[in-house]
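Worth knowing before you read on, the calculation uses all heavy atoms, side chains too, and leaves out hydrogens, waters and symmetry mates. Each chain gets a letter, A, B and so on, in the order the sequences are listed, and its residues count up from 1.
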There are 2 protein chains.
Amino acid sequence: MPTIQPRVLKGFRDFLPDVEMARATLIRKLEQVFVLFGFVPIDTPVLEYADILLGKGGGETDKQVYRFRDHGERDVAMRYDLTVPFARFMAEHVEELYLPFRRYHIAKVWRGENTQRGRYREFMQCDFDIVGTDAASADADILLTAARAMEVLDVGDFFLRINHRALFNRFLAHIGAQDKSVEILRTVDKLEKIGPQATEEKLSGLVGSQRADDILSFIQKESSFEKTLDKMFSLCDHNDEEALAARSRLLDIMGCVAAAGAERRIVLDPSITRGLDYYTGMVVETSLAALPEIGSVCSGGRYDELASLYTERKLPGVGASIGLDRLMAALEALGIRIGSSTSTQILLINQPETSAARLHALAASLRSAGFACEVFPEPKKVLVQYTYAERKHIPLAVFANGSSGAFTMRILSRRENVEISDFPSLCEAVRRELHAPR
Amino acid sequence: MPTIQPRVLKGFRDFLPDVEMARATLIRKLEQVFVLFGFVPIDTPVLEYADILLGKGGGETDKQVYRFRDHGERDVAMRYDLTVPFARFMAEHVEELYLPFRRYHIAKVWRGENTQRGRYREFMQCDFDIVGTDAASADADILLTAARAMEVLDVGDFFLRINHRALFNRFLAHIGAQDKSVEILRTVDKLEKIGPQATEEKLSGLVGSQRADDILSFIQKESSFEKTLDKMFSLCDHNDEEALAARSRLLDIMGCVAAAGAERRIVLDPSITRGLDYYTGMVVETSLAALPEIGSVCSGGRYDELASLYTERKLPGVGASIGLDRLMAALEALGIRIGSSTSTQILLINQPETSAARLHALAASLRSAGFACEVFPEPKKVLVQYTYAERKHIPLAVFANGSSGAFTMRILSRRENVEISDFPSLCEAVRRELHAPR
């Protein structure tokens, strides 16, 4: 007598095979890109000491963190991102590693967020970073890796919108608005959400209409990378060392990206600020041309110190994070079926006149030939077995015809039967059918 | 000024790249086996309602479970195995799925166990089950999948030690010891740990010395599957329907396994009982010939009802669980290096006279040719870059020689430089070197 209602917590999800296979395929593709660019995987615990994850203080994020006392009365928490554990990891292991260290980490994180905005409380993050170098080459690597990832995932046209935090900050200093920089960054960051008019009004309220106009002019994209950069720099103090360095850095990054053939993927967009994040150099967001409204699917930037909470060692770095859930939603919205090659190719039909042992022998031979196959475990009605194959997207069914050594192969989508005389011919027929265009 | 000591909780681990890559490779190999046998992946939440995971009551396991109140004052817990969430999953989704349902699930679970026995509080489980059928064919599939997994992982010789719960139970009934069956199962299960003498003493204390002798005789392996089975059956009531059915089931399973060519992997071992687990039919444990002392690396069995806590629907099934951590420890103990093809193949050496852009252009070309490569981000001393490559197990370094279009390829293990005139020759040389036996 069942007594417990089966259910999952709000904001949590089961992944049924079709979705889980799509997710695994997507992750596999991303991993291949990371490997191609020299990134190596790491993993860290899901549970950590709360002070490690949250610092000594508290903040907005903290309220969302799953935090509790464990059996030993330790104050512990579930990770809410992959950046803080990575900072702790680097501080703890830097001597065992090598620098620059390029890592990727694809794993679940947990936030007790309001689920009404279509957010989940358990979701996947996919981070990749290069730590221990301040070189423009590393910035370029992050952009190139992100671009390759988007290409491999076949999301259609996309843009990496980049900017440099220092250029914006030096511009604000030049117009005498640096004391309001936090509020200005926050406002500019919401430009796409609230529109130019509301942005202008908010900015005017903060720094007066003249400077609001300057800011709006600064964050306006021009017709090319160079023209936008010239415009941005022209609004700064031309002798400002920091502004000069930021301009030069953007040109160096673009030089590397262009040499690698990815120039057309990059847009210099002065309105990209990444809000209040801890970035200090280049910042990046990624927009899909077909779905601008879903926001950035890959965001990141350069930071001065990754792990200053845990070590005196300076660890500058650059990295980005791919929003896997958002990306999967995007692919679904675009009608892109993420190919999966990971399901059964052949169902061996179980009939009363064929022994299970005979089917297992056949299955073993087919597997040796490289085919994914399964024996239907009971001699149920053939139609029941066909329906099973259909539900599981199995393309082919095979009947072992008595002890004759002959087979019937059924192409389930076409309801077509093919008579086959021996095992080598069966393998050939299966191979031909699996490779045929659908 | 760093203020927080970087550290992980006791019983939890960081995975540095070499170990994480080995783990990923191992998992990848297992996944390929599962796919070959028709299993599909699922995933479930890490956090669930505590009553789902623990039932209404409490027990020995419960004390080890990470359980707490979330932000909404819900009584929640982190999963401590993959079986209970799977039972809930099946009860909730059976109408959306198809039966028999073959799933695998490779994921972390958490238990606040005593870490002194070398146990971890966060570890990976790898479960595979076939639910919705009572057929011997499915039992055989679990054994065949387990055997293939061990073969693919290259753990050397191994044995799947199987038994049938009902045969043991009917034997106990026949000698009039069924009322002590729980204690007897528990004692027999510890045979290998405590030795035959202590087992005999414990059994004698439980049921007297005559029946203790009978039990010890029953659980003794004979020289072949058939002889062991005959001996076991001869100690039961020959007209006992259940014992007859169990014998016939074992023969059917063995028929399928033998037909698939895996007969030599199977040992009928009447001492295998899986203690107090909920199994009702076949049970299995897997021993490595070279490391019997580490215990079973893959265990499971048949159960009558997977999800009776959550649904009235009867869901019989059979499954097993691979102990990934134990297996990784075994591979290490056996000196087997889990091959990993997932790290950088070429480091592009950064020199002051070569622009970063030139190196990024070369990297892009090498990646298009399918090579995993990375640009060292700064023109540090060449020796520093060599050391980096060595630490990261990168086999080759390439210098772009000025603007000549020529290259030098260095084979780092042999400290040997090869001069190369153009890009196609470089690709050829790299390919040859990467495929050369080490």
Inset, instruction - Go through B/A24, B/P377, B/G112 and name the one with the most non-hydrogen pairs under 4.5 angstrom from chain A. - result: B/P377
Legend entry - Most contacts with chain A, counted as non-hydrogen pairs under 4.5 angstrom, among B/I42, B/V257, B/L359, B/L362: B/I42
Legend entry - Flag, side chain of B/R67 to backbone of B/A50, donor-acceptor distance under 3.5 Å: no
Legend entry - Greatest number of heavy atom pairs closer than 4.5 Å to chain A - which of B/M90, B/R7, B/R69: B/R7
Legend entry - Top of A/L9, A/T44, A/V375 for chain B proximity - count of heavy-atom pairs under 4.5 angstrom: A/L9
Inset, instruction - Check each atom of A/A356 against the heavy atoms of chain B and say whether the ones under 4.5 Å are side chain, backbone, both or neither. - result: both
Inset, instruction - Side chain from CB out, backbone as N, CA, C, O: work out which of these in A/L144 comes under 4.5 Å of a heavy atom of chain B, or both, or neither. - result: side chain
Inset, instruction - Take the angle between the ring planes of A/F89 and A/F101 and call it parallel below 30°, perpendicular above 60°, tilted in between. - result: parallel
Legend entry - Pair A/R13 + A/E122, salt bridge at N-O below 4.0 Å: no
Inset, instruction - Look at the aromatic rings of B/F34 and B/F39 and report parallel, tilted or perpendicular, splitting at 30° and 60°. - result: perpendicular
Legend entry - Among A/A364, A/A260, A/A135, residue most engaged with chain B (heavy-atom pairs, under 4.5 Å): A/A260
Legend entry - Residue among A/Y388, A/W110, A/F371 with most heavy-atom pairs under 4.5 Å to chain B: A/Y388
Inset, instruction - Tell me, out of A/E96, A/R74, A/R102, who's got the most heavy-atom pairs with chain B below 4.5 Å. - result: A/R102
Inset, instruction - State whether the side chain of B/Y310 and the backbone N or O of B/I52 hold a donor-acceptor pair below 3.5 Å, judged by distance alone. - result: yes
Legend entry - Qualifying residue for side-chain contact (heavy atoms from CB on, under 4.5 Å) with B/E48, from B/V84, B/L53, B/L54: B/L53
Legend entry - Spacing of CD belonging to B/E305 relative to CG belonging to B/L315, to within rounding of 0.5 Å: 8.0 Å
Legend entry - Contacts of type side-chain hydrogen bond (donor to acceptor under 3.5 Å, both in side chains), residue B/K380, not counting sequence neighbours: none
Legend entry - Atom of B/Y98, atom of B/V40 and distance for their closest heavy-atom approach: OH-CG2, 3.9 Å
Legend entry - Pairs of heavy atoms under 4.5 Å with chain B: top-ranked of A/D141, A/D252, A/D70: A/D141
Legend entry - B/R111 side chain near B/F123 side chain, heavy-atom distance below 4.5 Å: yes
Legend entry - Which atoms of A/R23 approach chain B - backbone, side chain, both or neither, heavy atom under 4.5 Å: side chain
Inset, instruction - Side chain from CB out, backbone as N, CA, C, O: work out which of these in B/R148 comes under 4.5 Å of a heavy atom of chain A, or both, or neither. - result: side chain
Legend entry - Best-contacting candidate, B/G38, B/P85, B/A361, B/P45, against chain A by heavy atom pairs under 4.5 angstrom: B/P45
Legend entry - Sub-4.5 Å side-chain heavy-atom contact between A/R367 and B/F37: yes
Inset, instruction - Could you check which of B/V384, B/L97, B/V19, B/D139 has the highest count of heavy-atom pairs closer than 4.5 Å to chain A? - result: B/L97
Inset, instruction - Give, as side chain, backbone, both or neither, the part of A/Q5 having an atom under 4.5 angstrom from any heavy atom of chain B. - result: backbone
Inset, instruction - Could you look at A/V46 and say if it's the side chain, the backbone, both or neither that has a heavy atom under 4.5 Å from chain B? - result: both
Legend entry - Ion pair A/K108/B/D43, N-O distance below 4.0 Å: yes
Inset, instruction - Name the region of B/A91, side chain, backbone, both or neither, that has any atom closer than 4.5 Å to a heavy atom of chain A. - result: both
Inset, instruction - Among A/C256, A/G255, A/S365, single out the residue with the greatest number of heavy-atom pairs under 4.5 Å to chain B. - result: A/C256
Legend entry - Proximity breakdown for B/E31 and chain A, heavy-atom pairs closer than 4.5 Å: side chain
